[in-house]
K.L.:
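Handing you a structure now.
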Amino acid sequence: MLVSITQVLIGATDLVAAFLFLFGLKRMSSPATAASGIRVAGIGMIAAVLVSFLYVFTISPAAASHLAVNLALAIVALGVGGGGAWMVGRRVAMTAMPQMVAIYNGMGGGAAGGIAAVELFSGRTPGLTQLIVTLLGGLIGAVSMSGSVIAWAKLQGVLGQPFRFKGQRIVNGLVFLVAILLGGWLVFTMLSAAAPFLPIPTGIILFFGVAICFGILMTLPIGGADMPVVISIYNAFTGLAVGLEGYVLGNPALMIAGMVVGAAGLLLTLLMARAMNRSVANILFSNFGTPPTKSKHSAITGTERETQASDAAIKMRYATSVIIIPGYGLAAARAQQKLFEFVKLLLAAKVIVRFAIHPVAGRMPGQMDVLLAEAGVPYDMIIQLDDINDDFATTDVALVIGANDVVNPAARTDKASPIFGMPILNADKAHQVYVIKRGQGKGYSGIVNALFYSPNCDMVYGDAQAVLVQMIEAVRGLGAAAA
Ligand code: NAP
């Protein structure tokens, strides 16, 4: 009786948790509801974790010999993992978010691989489907874990240049083949009565070892700048692995959570690739982000013209309309608060101000929306690329802050450019463009930006935060002088 009540309770909680995951995800699709969406999905996750403790009432007394130890281990693991994540999550800088996502994602993959390993080492004899699903989830989880750790190391600067050698793809292909063959051998050996030429536990260790090596080898040649897309791919892998292991454990909440993460990761990967006008294969197998040795793209003539922060600020103060284009440099300088302080001064002077957001501005999807929301910018001032691009031609000033590739006109005009075809924000069409950046530093793609040399563009050199402080002082100074 107790068992059946417990099972109904587990089933009902899993259903509620699944609903909360999906409802939370739906709310994450708008900046206005995203924060509450994360909380809703988090409540679902807590419910799914807590209800798993009820499984202790469903196991047979014979299997309960290690119950106390296992429960204690689970509680310690939850405390250490949850406590550590809480502390790191509170302190992490916005620019370090991609590497944090990478390492957490790796842990998810590792957890799925761990479940597979426990099942394989348990000595139980599963059916064919069960065994194949366990091995597949284990393989994908292990690849995702080691690949994500390499992605973290690259983003954190622990690993430097991409590691490439001749014939690398063939070597990687062979390593993958070995992992598949070992998996096939395990299926055959574990289901047949024939004496194995290798002890099965050794075969399992080799299988996971080779899968881990494949994840490392697959990620090492990819440039650090492409890591956000790679993390998104591994995110999809982890989701898939968790979903497969959820099937193995007969846990619907795990299956649904895994599939939701897998599908979201896949969609995000495709959207990021599309916004960069590149295929996923090109991201995984090309040397994008490595500065070209021989420049094939059109030569850019002219010089960058410098202006003072105060002059640019005063011009914007007397403009009718200003569109601001934030990029990676805004996040690096942590200048979002100062930017909004400056914008409030312009709004007080009746200037029409809007923010134009490129889908891949910054280093992770939605980074600019999050930064601006954090500074308190109202959502109706934040406009996405397709909805604002036509307005640049009738705008007095486009203010580019720490953005580069997302406003590079070469994407429209230069067929030889690595970013040709990527949709860009039409900042160059505004009557006047100001660009805040520290110097002649290139953007993520490593190419020169023709916009900086065009006659309607002036550069304001300096760290974005320092420049914005000067701009605020200049506009305030005007008010004080008028008083
Ligand atoms: P970007 O092209 O990388 O350019 C950023 C610019 O910011 C640099 O040119 C740099 O010039 C400047 N900068 C850096 N620190 C600064 C500071 N403290 N103050 C002022 N300026 C600073 O950035 P983006 O225009 O945002 O484009 C994003 C790029 O990342 C795209 O190519 C996109 O494809 C790629 N990407 C994005 C994602 C994503 O999900 N968002 C994922 C993967 C790749 P200085 O050094 O001269 O200051």
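As the structure lists them, so they are numbered: ligands from 1, and atoms in each ligand from 1. Excluded from the calculations below are hydrogen atoms, water molecules and symmetry mates; all remaining heavy atoms, backbone and side chain alike, are included.
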K.L.:
What side-chain donor-acceptor pairs closer than 3.5 Å can you find for residues 207-216, not counting sequence neighbours?
P.N.:
none

K.L.:
For G402 and ligand 1, does the shortest N/O to N/O distance drop below 3.5 Å?
P.N.:
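For ligand 1, there is an N or O atom that lies under 3.5 Å from one belonging to G402.
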K.L.:
Using a 3.5 Å cut-off on N or O atoms only, is Y444 in polar contact with ligand 1?
P.N.:
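Checking ligand 1 against Y444, an N or O pair does fall under 3.5 Å apart.
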K.L.:
Ignoring hydrogens and geometry, is there a side-chain-to-backbone donor-acceptor pair from D428 to L451 under 3.5 Å?
P.N.:
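It does not hold such a pair.
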K.L.:
Report the C-alpha separation of R317 and L345 in whole Å, then their side-chain angles, then the decisive distance to 0.1 Å, and conclude whether the side chain to side chain contact (heavy atoms under 4.5 Å, CB included) test is met.
P.N.:
CA-CA 8 Å; R317 158 67 182 76; L345 292 175; over 6 Å; no
K.L.:
Heavy-atom contacts under 4.0 Å between Q465 and ligand 1: side chain, backbone, both, or neither?
P.N.:
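No part of Q465 comes within reach of ligand 1.
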K.L.:
Under a 4.0 angstrom heavy-atom cut-off, which atoms of ligand 1 come close to G327?
P.N.:
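Numbered from 1, ligand 1 contributes 26 (O).
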K.L.:
Apply side chain to side chain contact (heavy atoms under 4.5 Å, CB included) to the pair R354 and D391, showing each step before the final yes or no.
P.N.:
CA-CA 11 Å; R354 287 174 299 165; D391 296 359; 2.9 Å; yes
K.L.:
Determine yes or no for a side-chain-to-main-chain donor-acceptor pair under 3.5 angstrom, with R305 supplying the side chain and P455 the backbone.
P.N.:
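It does hold such a pair.
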K.L.:
Quick one: sort the F23 and F19 rings into parallel, tilted or perpendicular, breaks at 30° and 60°.
P.N.:
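Ring orientation of F23 relative to F19: parallel.
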K.L.:
Nearest non-hydrogen contact with atom 20 (C) of ligand 1 belongs to which option: G366, A411, A464, A466?
P.N.:
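Result: the heavy atom closest to atom 20 (C) of ligand 1 is in A464.
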K.L.:
Any side-chain heavy atom of F342 sitting closer than 4.5 Å to one from I401?
P.N.:
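Heavy-atom side-chain distance check fails, nothing below 4.5 Å.
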K.L.:
A side-chain contact here means heavy atoms from C-beta on lying under 4.5 Å apart; do M107 and I103 qualify?
P.N.:
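The answer is yes, as the side chains (C-beta and beyond) meet within the 4.5 Å cut-off.
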K.L.:
Listed by chain and number, what are the side chain to side chain contact (heavy atoms under 4.5 Å, CB included) partners of K338, not counting sequence neighbours?
P.N.:
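K338 satisfies side chain to side chain contact (heavy atoms under 4.5 Å, CB included) with E341, Q465, L468, V469, I472 once adjacent residues are dropped.
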K.L.:
Using atom types as modelled and distance alone, determine if a side-chain donor or acceptor of Q168 lies under 3.5 Å from a backbone N or O of F163.
P.N.:
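Such a contact is found between Q168 side chain and F163 backbone.
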K.L.:
Can you list the atoms of ligand 1 that are under 4.0 Å from a heavy atom of G443?
P.N.:
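Atoms satisfying the 4.0 Å criterion: 1 (P), 2 (O), 3 (O), 4 (O), 9 (O).
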K.L.:
For M364, state whether at least one heavy atom is located under 4.0 Å from any atom of ligand 1.
P.N.:
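In this structure, M364 qualifies as a contact of ligand 1 - some heavy atom is under 4.0 Å.
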K.L.:
V406 heavy atoms, cut-off 4.0 Å: which ligand 1 atoms fall inside?
P.N.:
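Here the atoms of ligand 1 in question are 25 (O), 27 (O).
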K.L.:
Relative to atom 47 (O) of ligand 1, which among G441, G329, A361, P98 owns the nearest non-hydrogen atom?
P.N.:
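Closest candidate by heavy-atom distance is G441.
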K.L.:
Mind checking whether A332 has an N or O less than 3.5 Å away from an N or O of ligand 1?
P.N.:
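In this structure, A332 places no N or O atom under 3.5 Å from an N or O of ligand 1.
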K.L.:
Near K442, which atoms of ligand 1 are under 4.0 Å from a heavy atom of that residue?
P.N.:
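Reading through ligand 1 atom by atom, the close ones are 8 (C), 9 (O).
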K.L.:
Which atoms of ligand 1 have any heavy atom of D463 under 4.0 Å away?
P.N.:
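The list of qualifying atoms is 17 (C), 18 (N), 19 (N).
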K.L.:
For ligand 1, which atoms sit closer than 4.0 Å to a heavy atom of A403?
P.N.:
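Within the 4.0 Å cut-off of A403, ligand 1 contributes 25 (O).
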K.L.:
Quick test of your reading of the structure: of L268, N404, I401, V360, whose heavy atom lies closest to atom 37 (C) of ligand 1?
P.N.:
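Of the listed residues, V360 has the closest heavy atom.
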K.L.:
Taking atom 16 (C) of ligand 1 as the point of reference, which of R334, R363, R438 owns the nearest heavy atom?
P.N.:
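When every heavy atom of R334, R363, R438 is considered, R438 comes closest to atom 16 (C) of ligand 1.
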K.L.:
Which atoms from ligand 1 have a heavy atom of M272 less than 4.0 Å away?
P.N.:
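Selected atoms, number and element: 40 (O), 42 (C).
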